[in-house]
Amino acid sequence: MSASLGAFEAALEPTLETLTHSPEGRKVLTCMQCGVCAGTCPYGDVMEYPPRRIIGMLRAGVLEKVFTSDSLLNCVACYSCLAKCPRNIRLTEVLLPLVKEQVFLRLPEVPAELHRALQNILRYGNPFGEPPRKRTAWLKTLEIPVRILAEDPRPVDVLWFVECENSYHPRGQDVSRATVRLFRALNVDFAILGNEEKCAGECARLLGETGLFDTLTDYNMAIFTKYRFDRLVTSGTHAYDAFKYHYPSSGFRYPVEHTMTFLAGLLDRLKPLLTRRLNYTVAYHDSCCLGRHNGFYEEPRRLLQAIPGIRLVEMVHNRVNAICCGGGGGGMWMDTYYKAKGYERLSDRRVREAAASGADVLAISCPYELARFEDSLKVLGLDGKMVVRDINELLAESMEVS
Amino acid sequence: MHFLVVFRMVPDVVEELEVAPGGKSLETEYLRMIASESDDHALEEALLLKERHGGSVTVVAADAPELDDALFSALAKGADRVVKITGAEFGLSTSRMAGIVAATIRHTPGLLPADLILTGTQAIDDLDGLIAPLLGFHLGLPSLGIVTSVECQPACGAAVVTREFPDGVRGQFEIPLPAVLGVQAAEKPPRYVPVAKVRAAMKSGRIEEVPAPEPAVAPSLEIVRMSKPVPLSHAEMLEGDPEMAAAELCKMLAGRGLL
């Protein structure tokens with residue numbers, strides 16, 4: 001029954017033709033062309049058609065011109081235009097995905113790095129082109145056994161959807177090991193899908209590669225139905241959005257949390273375990289998905305402040321104003337494309353700001369940021385002056401016996 | 001113009017290959033098959049030629065695991081017709097495959113006449129690059145391998161083909177049509193096909209199935225033993241500060257006549 005309901009909901013999602021008949025679509029028409037969206041867009045200055053102009057083109061009935069421009073390849077889905085719009089037009093959710101889909105279908109050539117990542121996601125379920133069989137390789141260096149549902153399919157409370165970066169990237173694997181230690185210390189009844197898990201696909205969707213997103217949704221939904229669990233907790237911020245907002249139209253009916261908000265919810269039980277003093281000055285980077293898109297600004301800060309010794313400082317741009325790391329919406333696989341065009345890497349911009357805040361630790365909660373900010377530290381010659389740590393790593397470190 | 005593209009499915013080396021007990025074949029438990037990389041280039045070249053000269057592209061391949069995905073993806077990219085040869089045993093040698101594919105091309109209606117038959121110049125299980133010359137032999141057509149660009153001159157029934165040689169040398173050849181070409185690299189990297197188009201091809205596209213013709217007995221090689229390469233030595237790490245390490249490296253390179 002849920003599958004047919006899903007199809008019904010999917011049929012209700014507007015297309016470009018029906019957009020202006022939907023309530024959200026009609027709202028787009030109330031745009032007063034103030035240009036705040038274009039001004040707040042991190043790549044707005046290099047777009048031929050920044051968000052404001054795209055709305056203008058829609059109203060003038062000449063939206064097709066946007067389809068053949070590469071403007072929206074520069075959209076990193078940071079939700080800034082959505083968060084700042086004085087008319088509350090939810091651009092990142094209503095108009096841009098439909099336009100991006102058309103742009104993607106018409107691209108004369110998909111940038112090589114992006115091409116490879118998307119092909120890898122389709123074939124191997126991860127953008128790195130790593131074997132699906134190695135998705136759980138990180139467990140081998142962990143002293144705590146982790147339950148994999150394929151091996152032990154008993155019902156479980158929390159299905160932890162690890163996602164790609166934290167399964168394959170060496171630093172992401174550090175975060176996964178820290179997360180296991182935290183779950184174990186808090187007696188969370190959890191299990192993972194192991195090698196059956198594939199990318200949730202949100203960045204493909206945000207990029208306009210909706211066919212890839214649909215394929216991954218079909219795949220992951222089929223895996224979910226094999227097991228019984230009460231809720232899903234994911235380390236991926238984009239996966240969180242996918243499960244919260246888009247998988248439901250395919251019949252997904254579980255409560256979803258991100259590991260960071262999940263741990264924040266268990267803070268009363270976690271706090272007594274945080275015994276080791278960490279004398280760090282920490283700046284927290286609000287990820288676009290958890291921050292602007294979902295409004296989780298205080299949860300990460302509460303977690304960090306629960307760690308004894310930590311002094312929290314803020315970067316100039318924080319919370320709703322945070323600067324995107326540049327990894328969202330496919331940006332993760334377009335660094336070479338942006339570089340060839342001469343654009344500044346957004347993570348460089350962000351790391352400069354972090355260094356200026358006087359922090360020695362840049363704390364994050366989105367898996368993309370770890371790799372991006374560590375790269376930027378090296379590029380900017382700040383390596384050694386500052387380190388990047390996932391909140392879970394800091395929490396686990398504070399649990400260690402000193 | 002009519003272009004035929006011959007696809008070959010090869011083991012995907014992203015999944016680490018294991019030798020099966022018995023030591024004469026690959027372990028199939030985790031083995032996945034993927035269209036040979038240079039066959040993808042052959043298809044791209046055929047699609048570029050079709051865009052330039054008009055006509056149609058047909059892909060022909062012997063059945064193998066995951067072949068359907070590769071064929072639907074070819075349809076989504078712009079191939080007009082895809083033909084799957086069924087019933088031949090899995091793991092065909094190059095010479096058997098060439099015989100079966102050539103006989104299929106001969107006997108399946110509408111595949112001939114073709115102006116060009118394109119395939120990958122090599123595959124990971126055909127490093128000798130025999131498939132194109134063998135197809136040429138069976139079909140009685142001229143063949144040329146290691147091709148990096150094709151300029152068709154349909155009016156004079158010929159194509160000018162660029163072929164790579166070692167040391168960065170390139171040669172241009174005029175080859176009469178029809179001909180068989182082993183493509184090393186297309187003029188442009190193979191195109192990305194949005195998955196929505198592949199899904200649409202899966203719904204509305206059709207894979208034609210033709211039974212493998214009775215194969216003529218072809219001479220083939222017997223596999224005596226398969227084994228993983230054993231590393232004989234390891235990389236040497238130069239310790240110390242960068243300047244010392246650089247000096248040491250220079251000394252080593254000079255000692256080997258490389259500087």
Side-chain angles (χ1 to χ4, degrees), chain A residues 10 15 67 73 97-98 100-135 137 168 195-196 198-199 201 203-205 207-219 330 333-334 336-337, chain B residues 9-18 26-37 39-41 43-45 47-48 51-52 64-78 185-205 241-242:
Chain A
T15 63
F67 301 162
L73 270 193
L98 295 171
K100 280 178 159 189
E101 193 177 353
Q102 296 305 314
V103 171
F104 192 79
L105 284 170
R106 284 169 178 78
L107 273 185
E109 203 172 319
V110 174
E113 187 189 355
L114 179 64
H115 183 151
R116 219 169 23 250
L118 295 174
Q119 249 179 355
N120 287 337
I121 293 174
L122 177 66
R123 185 163 174 89
Y124 308 111
N126 69 80
F128 312 105
E130 288 288 326
R133 263 204 288 167
K134 285 195 176 163
R135 203 170 179 100
Y168 289 105
N195 296 342
E196 284 185 302
K198 279 189 183 181
C199 174
C203 278
R205 193 191 66 78
L207 175 76
E209 209 337 345
T210 45
L212 179 54
F213 179 73
D214 293 343
T215 301
L216 293 164
T217 306
D218 292 351
Y219 172 85
W333 313 301
M334 276 194 281
T336 47
Y337 177 77
Chain B
M9 299 298 280
V10 296
D12 185 345
V13 291
V14 162
E15 301 288 355
E16 277 164 26
L17 302 182
E18 306 282 347
L26 290 174
E27 173 66 61
T28 51
E29 190 186 349
Y30 293 106
L31 189 65
R32 289 184 69 189
M33 303 297 276
I34 189 167
S36 176
E37 194 182 343
D39 292 352
D40 251 349
H41 281 267
L43 174 64
E44 183 61 34
E45 191 64 40
L47 294 170
L48 292 172
E51 282 164 14
R52 226 171 277 159
E66 300 192 54
L67 172 65
D68 287 9
D69 288 348
L71 292 181
F72 283 127
S73 162
L75 281 175
K77 283 182 179 181
E187 287 154 53
K188 287 205 300 193
R191 63 196 65 192
Y192 182 82
V193 57
V195 179
K197 288 190 183 172
V198 182
R199 284 165 74 96
M202 283 175 171
K203 275 195 188 125
S204 60
D241 67 74

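So you know, we letter chains A, B, ... as the sequences are listed, proteins then strands, and number each from 1.
- The contact between A/Leu122 and chain B is made entirely by side chain atoms (from C-beta outward), counting heavy-atom distances below 4.5 Å.
- One finds a salt bridge joining A/Lys134 and B/Glu16 here, because a Lys/Arg side-chain nitrogen approaches an Asp/Glu carboxylate oxygen to under 4.0 Å.
- Around CD of B/Glu51, the count of heavy atoms belonging to other residues, nucleotides or ligands within 6.0 Å exceeds 12.
- The two atoms that bring A/His115 and B/Pro190 nearest to each other are CE1-O, 3.0 Å, heavy atoms only.
- Of the residues A/Ile121, A/Asp214, A/Leu212, the one that meets the side-chain contact (heavy atoms from CB on, under 4.5 Å) test with B/Val195 is A/Leu212.
- The pair B/Arg191-A/Glu109 does not meet the salt-bridge criterion, since no charged nitrogen lies less than 4.0 angstrom from a carboxylate oxygen.
- One finds a salt bridge joining A/Arg123 and B/Asp12 here, because a Lys/Arg side-chain nitrogen approaches an Asp/Glu carboxylate oxygen to under 4.0 Å.
- Interface residue B/Val193: only backbone heavy atoms are found under 4.5 Å from chain A.
- Interface remark: A/Asn120 contributes no atoms to any contact with chain B (heavy atom separation under 4.5 Å).
- For A/Pro132, the parts lying under 4.5 angstrom from a heavy atom of chain B are both the backbone and the side chain.
- In terms of heavy-atom proximity, B/Val14 sits nearest to A/Gly129 at CG1-O, 3.4 Å.
- Heavy-atom distances place no part of A/Glu101 under 4.5 Å from chain B, backbone and side chain included.
- Heavy-atom pairs under 4.5 Å with chain B were tallied for A/Thr210, A/Leu107, A/Leu105, A/Leu114; the largest tally goes to A/Leu105.
- B/Arg199 and A/Asp218 make their closest contact through NH2-OD2, 3.0 Å (heavy atoms, listed as atom of the first residue, atom of the second, distance).
- In this structure, OH on B/Tyr192 lies 13.5 Å from CZ on A/Arg116, to the nearest 0.5 angstrom.
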